[in-house]
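Taking it in order: structure first as structure tokens, then the write-up.
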Amino acid sequence: MFRVAGFITMFGLCHMLCAQVSSKFYGVKSHYGFIIAHTPDLKPISQTNPYGFQIEMSKLRTSDKAWKTCFCYGRTGFSFAYFNYANPSVLGSSYNLNYFVEPYFTYRGALKLSLRGSIGATYLDTIFDEETNPDNLLFSTHLSFYLALSLNLNYHFNDKYAINLSANYNHISNGGQKQPNKGMNFPTLSIGVDRIIDYTPLKPKPNELKQYSRSWSYYTGAFASLRSADREAESTNHPLIGVFGGALKPLSGINGFNLGAELWYDWSDRKQVQQLELNDSSFSSAVTLGHHFSVGDFYFLQQFGIYLTRPENIQANWMYQRYSFWYRIANRWTVGASLIAYGRRADHMDGRLIYVIR
């Protein structure tokens, strides 16, 4: 889920600053779905069907500058979604405020296919409590992160109204800031209607706007996060600080491969080492290799990391996955975020500042 987070956060930054708004969309939709029990201990509380509703507003921008951020037309906007998890005493409900981007795969004719990424904050009204709600291993903080990916079919009846049918994959987690934090993955189907203001038919852009560099580029940067020292229970957060660098090689207009290395120091590991009286270092280092999408000012990286050094008594895995998104904010400066995961288990997120040398 987190591997697409990059396409969610920064795509619309340029769109928000660019002029030539061709149309506005105001929509409502309803949701119905199910919860994925991604570990055996979640099965008892995952046998329900979440349902909810969503209201939203968005804009479609047509300028060349906005189009070049992803080499496509797309909508950007905000939504509010309410989900009831049909288990009021254990899971309760959530209230989600999100920012979304929705690039179009097709834009001619009445039927349009699009992919939406959403990111935001969620308020959960029922969370884990050791005494009153010990079964809720999914949520331990009222405020958490919300991520979603949606594949949409949009049918325009005319220039004023459209309906949409969507398959959505939703994820809620606190990013490892507090335990327990199994996180909830819940697919939903939704159907909705949009009211469109000032709709303008979309036209193909000239091919020269799709030019890209085929040369190697190099990057260096720093990252930081907060982690709980106790991976299974509530504990004070501790900083994690690291540096990284590497190279990017385009293979086509949007695809490429990357390689690099990273080094970090984790004060939560140091706390565990002290508590357990282990002879381990809190430094970790690794080499990374992976694939990336490069779309306009965005990079979406999926990497495998192989540890060179790690606190082996704490971290049994010798390999991890890292999912990152970057957005170029200036000529060479880039901001982003990433997630480390071990198989299906997300571990923690971090924020990043990157300098790219082209």
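Atom-to-atom distance recorded for T132:OG1 and I127:CD1 is 9.0 Å, nearest 0.5 angstrom. Note: L301 CG to N258 CG = 5.0 Å, rounded to the nearest 0.5 Å. Here the straight-line distance linking atom OG of S118 with atom NE2 of H171 works out to 14.0 Å at 0.5 Å rounding. With rounding to the nearest 0.5 Å, the separation of NZ in K160 from CD1 in I197 is 8.0 Å. Taken to the nearest 0.5 Å, the OH atom of Y104 stands 9.0 Å off from the CZ atom of R116. Taken to the nearest 0.5 Å, the CZ atom of R352 stands 4.5 Å off from the CZ atom of F244.
Counting heavy-atom neighbours within 6.0 Å of N331 CG, excluding the residue itself, gives a total of 12 or less.
The two atoms that bring K112 and Y107 nearest to each other are CE-O, 3.3 Å, heavy atoms only. Between T334 and V356, the shortest heavy-atom contact is OG1-CG2, 3.8 Å. For the residue pair L263 and S285, the shortest heavy atom distance occurs at CD1-CB, 3.9 Å. Closest non-hydrogen pair, S144 versus L124, comes out as OG-CD1, 3.8 Å. Residues L259 and L289 share a closest heavy-atom pair of CB-CD1, 4.1 Å. Among all heavy-atom pairs drawn from A148 and N170, the shortest one is CB-OD1, 3.6 Å.
Between the Q302 side chain and the F300 main chain, a donor and an acceptor come within less than 3.5 Å of each other. Looking only at distances, a side-chain donor or acceptor of N49 sits under 3.5 Å from a matching main-chain atom of G33. Under a 3.5 Å cut-off, the side chain of D350 and the backbone N or O of F223 do not form any donor-acceptor pair. Checking side-chain atoms of Y73 against main-chain N and O of K203 turns up a donor-acceptor pair under 3.5 Å. Remark: side-chain polar atoms of K249 are paired, donor with acceptor, to backbone N or O of R214 under 3.5 angstrom. S225 places no side-chain N or O within 3.5 Å of a backbone atom of L240 that could act as its donor or acceptor partner. No side-chain donor-acceptor contact under 3.5 Å links N152 to the backbone of S166. Using modelled atom types, no side-chain atom of D269 and backbone atom of Q272 make a donor-acceptor pair closer than 3.5 Å. At distances below 3.5 Å, not a single donor-acceptor pair connects side-chain atoms of R75 with backbone N or O atoms of S58. A donor-acceptor pair is defined here as one N or O able to donate and one able to accept, closer than 3.5 Å; such a pair exists between the side chain of T106 and the backbone of L113.
Between N168 and L189 the shortest side-chain heavy-atom distance does not fall below 4.5 Å. Looking only at side-chain heavy atoms (C-beta outward), V335 and W333 stay at 4.5 Å or farther from each other. In this structure, D159 and I196 have side chains that are not in contact, with every pair of non-hydrogen atoms separated by 4.5 Å or more. Side-chain contact between Q303 and S324: present, with at least one pair of heavy atoms (C-beta onward) separated by less than 4.5 Å. Side-chain contact between T220 and V243: absent, with no pair of heavy atoms (C-beta onward) separated by less than 4.5 Å. Put simply, the side chain of E56 does not reach to within 4.5 Å of the side chain of F25, judged on heavy atoms. Taking 4.5 Å as the limit, some side-chain heavy atom of N154 sits within range of a side-chain heavy atom of S114. Using a 4.5 Å heavy-atom cutoff, the side chains of S94 and Y85 are in contact.
For the pair R322 and F304, the cation does not sit on the ring face, since its NZ or CZ is not both under 6.0 Å from the ring centre and inside 45° of the axis. By the 6.0 Å and 45° rule, R195 does not stack over the aromatic ring of Y26.
Of the N and O atoms on the side chains of Y123 and D125, not one donor lies less than 3.5 Å from an acceptor on the other residue. Side-chain contact check for N96 and T122: at least one donor-acceptor pair (N or O, by modelled atom type) lies under 3.5 Å. Under 3.5 Å, the side chains of S284 and D266 contain no donor-acceptor pair of N or O atoms.
A chain of hydrophobic side-chain contacts below 4.5 Å, direct or via other Ile, Leu, Val, Met, Phe, Trp or Tyr residues, connects I340 to I354. A single hydrophobic cluster is seen to contain both Y155 and L153, as judged by linkage of ILVMFWY side chains at heavy-atom distances under 4.5 Å, directly or through other members. Y95 and M184 fall into different hydrophobic clusters, defined by Ile, Leu, Val, Met, Phe, Trp and Tyr side-chain heavy atoms under 4.5 Å apart, directly or through other members. Following chains of ILVMFWY side-chain contacts shorter than 4.5 Å, one can reach V90 starting from I35, so the two form part of one hydrophobic cluster. Both L151 and L149 are assigned to one and the same hydrophobic cluster, defined by single-linkage of ILVMFWY side chains at heavy-atom distances under 4.5 Å.
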Go through the steps for E312 and Y307 under the test side-chain contact (heavy atoms from CB on, under 4.5 Å), then give the verdict. CA-CA 10 Å; E312 296 184 7; Y307 281 111; over 6 Å; no
For side-chain contact (heavy atoms from CB on, under 4.5 Å), just list the numbers for H292 and W326, CA-CA rounded to whole Å, side-chain angles, deciding distance to a tenth of an Å, and then say yes or no. CA-CA 11 Å; H292 65 267; W326 303 351; over 6 Å; no
Before you tell me yes or no, could you show the steps for T126 and N136 under side chain to side chain donor-acceptor pair (under 3.5 Å), namely the whole-Å CA-CA distance, both residues' side-chain angles and the distance that decides it to 0.1 Å? CA-CA 8 Å; T126 307; N136 188 351; over 6 Å; no
Step by step, would you call F145 with S173 a side-chain contact (heavy atoms from CB on, under 4.5 Å)? CA-CA 5 Å; F145 300 105; S173 170; 5.7 Å; no
Test D41 against K182 for side-chain contact (heavy atoms from CB on, under 4.5 Å), laying out the working first. CA-CA 10 Å; D41 53 348; K182 298 288 187 179; 3.5 Å; yes
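Put simply, the residue from F83, Y32, Y146 that forms a ring-ring contact (aromatic ring centres under 6.0 Å, His included) with F186 is F83.
The aromatic rings of W216 and Y218 sit parallel, their planes meeting at an angle under 30°, below the 60° perpendicular limit. Using bins of under 30°, 30° to 60° and over 60° for the plane-to-plane angle, the ring pair Y199/H156 lands in the tilted bin. Between Y342 and Y320, the two ring planes are perpendicular [angle over 60°; tilted spans 30° to 60°].
No close placement of the W264 and F283 rings is indicated, their centers lying 6.0 Å or farther apart. Here the two rings, on Y82 and F80, have centers that are 6.0 Å apart or farther.
Ionic pairing of R227 and D347 is present here: one or more N-O contacts between side-chain nitrogen and carboxylate oxygen are shorter than 4.0 angstrom.
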